[in-house]
**Q** 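Shown below is the structure under consideration.
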Amino acid sequence: DMQGNALTDVAVNESIKIYPRPATDFLRIEGSQLLRLSLFDMNGKLIRATELTGDLAIIGVASLPRGTYIAEVTAANTIRAKVSLR
């Protein structure tokens, strides 16, 4: 359930970056010791979970329906940010 959780906007979080926003074919994630990306729809349903390693990940999103999602990235800390897919 994503209802009560505040979103940390990537613009103010320097430890993890998610771009481009909006995305069309891929999401690029940069941060130290990335562990996991979870994409949720706006109702809080898990759409995709991907294990990450290292400091850079490029995740294909072209097959996902266009819309707005919540990207949860887990590393040393966890952030959540809205991402739009076109």
Side-chain angles (χ1 to χ4, degrees):
D1 178 35
M2 305 292 290
Q3 294 296 329
N5 296 320
L7 297 178
T8 302
D9 192 354
V10 176
V12 298
N13 188 306
E14 297 176 7
S15 63
I16 298 173
K17 294 180 174 68
I18 303 171
Y19 60 93
R21 292 182 8 192
T24 53
D25 297 323
F26 64 89
L27 280 175
R28 186 178 177 110
I29 303 161
E30 292 182 19
S32 180
Q33 300 175 345
L34 299 173
L35 299 174
R36 183 178 184 86
L37 166 69
S38 300
L39 280 178
F40 298 90
D41 67 16
M42 293 306 290
N43 294 317
K45 179 181 175 189
L46 180 64
I47 302 301
R48 178 183 288 177
T50 304
E51 299 299 319
L52 307 175
T53 58
D55 299 336
L56 171 66
I58 298 174
I59 307 298
V61 294
S63 64
L64 294 176
R66 305 301 95 186
T68 302
Y69 295 84
I70 303 298
E72 180 180 272
V73 179
T74 304
N77 58 356
T78 299
I79 67 148
R80 289 190 178 114
K82 284 185 183 179
V83 293
S84 294
L85 304 182
R86 291 190 190 182

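Counting from 1, the numbers follow the sequence of the chain as shown.
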**Q** To the nearest 0.5 Å, what is the distance between OG (S32) and CG (L56)?
**A** 12.5 Å
**Q** Go through it in stages, so that I can follow the logic: the residues are L64 and Y69, the test is side-chain contact (heavy atoms from CB on, under 4.5 Å), and I'd like the CA-CA distance, side-chain angles, deciding distance and then a yes or no.
**A** CA-CA 10 Å; L64 294 176; Y69 295 84; 4.1 Å; yes
**Q** When you measure from the side chain of D55 to the backbone N and O of Q33, does any donor-acceptor pair fall under 3.5 Å?
**A** yes
**Q** Do the charged groups of E30 and K17 touch, with an N to O distance under 4.0 Å?
**A** no
**Q** Might you point out which heavy atoms bring L46 and S38 nearest each other, and give the distance in Å?
**A** CD1-CB, 3.9 Å
**Q** Partners of A23 by side-chain contact (heavy atoms from CB on, under 4.5 Å), sequence neighbours excluded?
**A** P20, L27, V61, L85
**Q** R36: which residues meet the salt bridge (charged side-chain N to carboxylate O under 4.0 Å, His left out) condition with it, sequence neighbours left out?
**A** E51
**Q** Honestly curious: do I18 and I47 fall in one hydrophobic cluster under the side-chain, below-4.5 Å linking rule?
**A** yes
**Q** For A71 and L37, work out which heavy atoms get closest and say how close.
**A** CB-CD1, 4.1 Å
**Q** If you look at every heavy atom in F40 and E72, which pair is closest and at what distance?
**A** CE1-CB, 3.9 Å
**Q** Say whether, by atom type as modelled, one donor and one acceptor occur between the side chain of D41 and the main chain of N43 under 3.5 angstrom.
**A** yes
**Q** Tell me every residue that passes side-chain contact (heavy atoms from CB on, under 4.5 Å) with T24, counting only those two or more places apart in sequence or in another chain.
**A** R86
**Q** By the rule that ILVMFWY residues connect when side-chain heavy atoms come within less than 4.5 angstrom, directly or transitively, which residues belong alongside I58?
**A** F26
**Q** If the condition is salt bridge (charged side-chain N to carboxylate O under 4.0 Å, His left out), which residues does R66 pass it with, not counting sequence neighbours?
**A** none
**Q** Partners of L35 by side-chain contact (heavy atoms from CB on, under 4.5 Å), sequence neighbours excluded?
**A** T74
**Q** Which distance, rounded to the nearest 0.5 Å, do you find between the CD1 of I59 and the CD1 of I29?
**A** 5.0 Å
**Q** Minimum heavy-atom separation for M42 and K82, please, with both atom names.
**A** CE-CE, 4.0 Å
**Q** With a 4.5 Å heavy-atom cut-off, do V73 and T78 have their side chains touching?
**A** no
**Q** If the condition is side-chain contact (heavy atoms from CB on, under 4.5 Å), which residues does S84 pass it with, not counting sequence neighbours?
**A** P22, T68
